[in-house]
Amino acid sequence: MSNTQSSSTCLAQDISDVTAEGAAWLASAETYPRSTLAHWRARPTAPAVLPCGSAFDVVSVPAVFGRRMLDRLWDEGPGSGPVAAHRGRMLLFAAPGTAQRLPSLLEWEEWGSAVPGVLCHGTGDAVTVPPVTAGHRESHPESHLENHLESRWLVAPDARHPWLPGPEVVLWACVRAARAAAGSAVRISIFPGGDQSAKVYDVTRRR
């Protein structure tokens, strides 16, 4: 478990920025991490494209289903690793090797067919990650849609060696989210008409 911030809870406005240790972890995915860190120092509000498979894999799911997965992970499970939103999808950073194993686990799982649109990014793939600094957000109405479509961190990297869920944990979250979506009393944690990043996650509970 790790938390380099002084607060015991991660509020949306507090976790948008990546810590120095988190940036070092992200950069370690590159062949030349120092060059990546230098680029971020020069352009801290610019997204970046990073390779998967060494420092992390990424599991991409539709945003609404991803929110249900996060609720299961934080309310009933071990928490999550870093999580980002990008163009209507949620990117869950997972342990290397997850992208290779998760599809076969979903095939054998009874509820696997109820899990929508899972994309697994591992060795040989690359993903767009949000800026290390959120920067200024415009508040006027015409920028609302753009802000929701941009890349942003929901749980930003905060450690040099963050805990990352493996394929079994991601599978568990997928199944629990699918069962919740299929049930008659689904507990939705999304605030209608509000910012989907407004959910509070207590990172002190992360294993």
Side-chain angles (χ1 to χ4, degrees), residues 1-5 7-12 14-16 18-19 22 25 52 55-86 89-122 127 129 152-191 195-207:
M1 178 182 71
S2 63
N3 180 16
T4 60
Q5 300 182 15
S7 173
S8 64
T9 59
C10 265
L11 300 177
D14 295 330
I15 64 172
S16 296
V18 178
T19 65
W25 170 69
C52 302
F56 53 79
D57 283 359
V58 171
V59 177
S60 170
V61 295
V64 172
F65 187 80
R67 177 61 66 186
R68 294 187 180 122
M69 288 179 63
L70 275 187
D71 285 348
R72 302 284 80 73
L73 285 166
W74 286 98
D75 293 346
E76 305 168 17
S80 73
V83 181
H86 181 68
R89 297 187 69 85
M90 192 171 290
L91 309 180
L92 293 92
F93 286 68
T98 299
Q100 182 178 4
R101 291 194 57 199
L102 184 60
S104 59
L105 292 176
L106 284 170
E107 279 188 24
W108 284 99
E109 169 58 45
E110 178 183 359
W111 283 84
S113 60
V115 178
V118 175
L119 301 177
C120 298
H121 305 286
V127 294
V129 301
R152 67 190 189 282
W153 291 106
L154 302 182
V155 181
D158 66 351
R160 185 62 179 82
H161 300 287
W163 178 83
L164 298 173
E168 292 83 4
V169 173
V170 177
L171 174 69
W172 175 87
C174 286
V175 171
R176 294 301 290 264
R179 287 176 175 172
S184 58
V186 180
R187 183 177 64 82
I188 303 294
S189 69
I190 297 171
F191 299 95
D195 186 352
Q196 291 188 10
S197 64
K199 177 73 176 182
V200 175
Y201 298 108
D202 182 358
V203 298
T204 63
R205 294 183 56 248
R206 184 188 297 155
R207 289 182 181 174

Closest non-hydrogen atoms of A95 and G166, given as atom of the first, atom of the second and distance, are CB-CA, 4.2 Å
Under the side-chain contact (heavy atoms from CB on, under 4.5 Å) criterion, do T98 and L164 qualify, and how do the steps go?
-> CA-CA 10 Å; T98 299; L164 298 173; over 6 Å; no
Kindly compute the distance separating CH2 (W111) from SG (C174), expressed to the nearest 0.5 Å.
-> 13.0 Å
Test side-chain contact (heavy atoms from CB on, under 4.5 Å) applied to R176 and L73, step by step = CA-CA 9 Å; R176 294 301 290 264; L73 285 166; over 6 Å; no
Between F65 and A178, the two heavy atoms sitting closest are CE1-N, 3.7 Å
Closest non-hydrogen atom pair, P82 against W163 | CD-O, 4.5 Å
Under 6.0 Å from the CD atom of Q100, do we count more than 12 heavy atoms belonging to anything else shown?
-> no
Which pair of heavy atoms, one from W74 and one from S80, lies closest together, and at what distance?
-> NE1-OG, 3.1 Å
Measure the spacing between CD of E110 and CZ of R179 and express it to the nearest 0.5 Å.
-> 7.0 Å
Closest non-hydrogen atom pair, G81 against P165 = N-CD, 3.8 Å
Test item: D57 side-chain N/O and G122 main-chain N/O as donor-acceptor pair under 3.5 Å | no
Atom of R72, atom of A173 and distance for their closest heavy-atom approach = CG-O, 4.4 Å
Atom pair CH2 (W25) and OG1 (T19), whose distance is rounded to the nearest 0.5 Å = 10.5 Å
Can you tell me if R89 uses its side chain to pair, donor with acceptor, with the backbone of S60 under 3.5 Å?
-> yes
To the nearest 0.5 Å, atom CG of L70 lies from atom CE of M90 at 5.0 Å
Side-chain touch V170/L92, heavy atoms, less than 4.5 angstrom = no
Can you tell me how far CG of L171 sits from CH2 of W108, rounded to the nearest 0.5 angstrom?
-> 13.5 Å
